[in-house]
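Only one structure is covered here, and it is reproduced in the block below.
Only heavy atoms go into these numbers, but all of them, side chains included; no hydrogens, no water, no symmetry mates. Letters A, B, ... mirror the listed sequences (proteins, then strands); counts begin at 1.
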Number of protein chains: 2
Amino acid sequence: MNEKKRPVGRPTSAEAGTALKAAALSLIREKGYEKVSIADIIRTAGVARQTLYNRWNTKADLVLEAVFDETGRYAAEPISDDDRTCRDQLEAFLIGVFTHLETDGDTLRALIAAAQRDAEFRAAFYTGFVLPRERMVTDLLRRAQEPGELSRARDPEMLSAFIHGAFWYRLLNGGSLDAGYARAIVGEIFGG
Amino acid sequence: MNEKKRPVGRPTSAEAGTALKAAALSLIREKGYEKVSIADIIRTAGVARQTLYNRWNTKADLVLEAVFDETGRYAAEPISDDDRTCRDQLEAFLIGVFTHLETDGDTLRALIAAAQRDAEFRAAFYTGFVLPRERMVTDLLRRAQEPGELSRARDPEMLSAFIHGAFWYRLLNGGSLDAGYARAIVGEIFGG
DNA sequence: ACAATTAATAGACTTGCGTCCATAAACGCA
DNA sequence: TGCGTTTATGGACGCAAGTCTATTAATTGT
């Protein structure tokens with residue numbers, strides 16, 4: 001199971017990969033995703049072009065992994081604070097996401113756009129990034145049904161799609177994602 | 001008010017514009033949005049490159065106008081059939097949209113992606129295409145509140161965002177949009 | 001030490017987008 | 001008919017993405 005380091009050939013430079021991811025995130029947050037070229041990234045990282053393409057197929061793949069590394073590969077917060085109502089937990093979760101998007105909203109929009117151009121990336125993005133977050137909300141809503149905080153007549157999966165959908169829809173159409181919108185979403189789900 | 005045709009210079013060829021839009025839609029439906037290049041479009045239309053750029057800034061602008069021409073500039077159906085319940089009208093509306101997306105879903109995904117790369121296009125796309133359809137649903141839900149088919153405690157705007165959001169979310173993540181999903185959405189809104 | 005293997009590098013290359021330019025064509029006006 | 005104006009055309013151009021190639025560097029095994 002525990003395979004050792006492979007025995008042959010020059011090892012890949014972990015440093016190069018790290019530098020590329022750091023350069024990509026830094027440049028993108030400074031100038032915006034679309035304005036950062038591959039040439040910019042490799043120049044900043046001090047690495048050859050092919051070194052990037054040895055690891056990732058596109059800028060989107062690189063950025064996705066960089067975001068993974070930062071955000072934690074699976075979801076941000078597990079959210080299972082038994083002290084608070086599920087309603088409050090959902091609101092806190094959404095506010096946390098929206099706050100995070102103040103810095104990375106542009107990046108997320110760009111990744112969603114990239115996913116529309118490449119089916120392979122779309123699958124990787126969905127299973128690795130989107131789905132875990134969707135499930136967090138679905139699970140939370142299911143927990144809310146146990147004590148009757150949320151009616152059992154509701155479908156947690158569809159409600160989770162409503163929540164993420166509303167958030168994506170607003171993000172992609174250039175609307176602002178703030179605490180007020182988070183409260184409005186939660187209010188509509190749990191009742192005003 | 002009623003300005004006449006402008007009196008000076010060579011007139012723009014309506015034929016060229018029509019040919020470009022037709023070529024774009026035809027090629028895209030055949031090969032998919034991403035696989036169609038500008039060169040393909042102008043070759044098929046039998047028109048010079050600059051002629052395209054005299055009318056539109058990008059492929060997305062061209063395609064958006066082509067879709068406008070086909071779909072009707074404002075929304076597909078006005079939906080105000082007093083015989084049926086609002087619930088049925090909403091379901092029929094969604095099924096109609098989803099059916100239409102069997103041919104143009106790829107195009108819509110591409111336009112949404114393009115909107116993430118260009119703020120100007122995003123605004124045009126939103127106000128010209130997205131918002132009218134969002135309003136149709138909002139208005140329908142408001143009408144549903146009058147006879148009490150939908151509780152007045154619900155917020156039609158947020159519900160419309162839920163509906164379009166769920167639909168976008170599924171479309172953009174590669175899920176299938178079929179009649180079953182339309183019914184599931186409507187069921188969650190109006191009650192199973 | 002040396003061979004085999006794999007990664008890193010620099011740079012050429014291809015393709016597509018969008019711009020620019022010079023020239024020809026189509027119109028109104030005199 | 002000629003002039004001014006605007007569009008259409010074809011081709012050159014610059015830029016960025018991604019591929020490919022030859023060369024060099026780092027590592028293991030003998």
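With hydrogens and angles disregarded, a donor-acceptor distance shorter than 3.5 Å links the side chain of B:R170 to the backbone of B:S176. Using modelled atom types, one side-chain atom of A:T138 and one backbone atom of A:E134 make a donor-acceptor pair closer than 3.5 Å. Side-chain atoms of B:Q145 come within 3.5 Å of backbone atoms of B:S151 as a donor-acceptor pair (strictly under, hydrogens ignored).
A donor-acceptor contact closer than 3.5 angstrom is absent between the side chains of A:T51 and A:N54. In the model, B:Q89 has no side-chain atom that pairs as donor or acceptor with a side-chain atom of B:R84 under 3.5 Å.
Straight-line distance from the CG atom of B:D61 to the P atom of C:dC17: 14 Å, rounded to whole Å. Rounded to an integer number of Å, the gap from B:Y33 OH to C:dG16 C1' is 13 Å. Rounded to whole angstrom, the span from the CD1 atom of B:I42 across to the P atom of D:dG10 amounts to 9 Å. Between B:K35 atom NZ and C:dT15 atom P the separation is 15 Å, expressed in whole Å. Atom pair B:F121:CZ and C:dG18:P shows a separation of 12 Å (rounding to whole Å applied). The CG-C1' distance, from B:L52 to C:dT19, rounds to 13 Å in whole Å.
Checking A:F162, A:W168, A:Y169 one by one against B:Y169, the ring pair (Phe, Tyr, Trp, His ring centres under 6.0 Å) holds for a single residue, A:W168.
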For this session: Heavy atoms under 4.0 Å is the rule here; annotate nucleotides 11-22 of chain D 5' to 3' with B where the base is hit, S where only the sugar-phosphate is, and - elsewhere.
Result: -----SSBBB--

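Counting distance only, with no hydrogens placed and no angle test, the side-chain atoms of B:R10 and the base atoms of C:dA25 include a donor-acceptor pair under 3.5 Å.
Nearest to the side chain of B:T51, among D:dT27, C:dT9, D:dT9, sits D:dT9. The side chain of A:V8 sits closest to C:dT5 out of C:dT5, C:dT9, C:dC27. The side chain of B:N54 has D:dA8 as its nearest neighbour among D:dA8, C:dT6, C:dA26.
Residue A:S13 places none of its side-chain N or O atoms closer than 4.0 Å to OP1 or OP2 of C:dA7. For D:dG10, neither phosphate oxygen OP1 nor OP2 lies less than 4.0 angstrom from any side-chain nitrogen or oxygen of B:R43.
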Problem set entry | CA sep, side-chain torsions, deciding dist, call: B:W56, B:L20, side chain to side chain contact (heavy atoms under 4.5 Å, CB included) | CA-CA 11 Å; B:W56 301 283; B:L20 283 165; 3.8 Å; yes

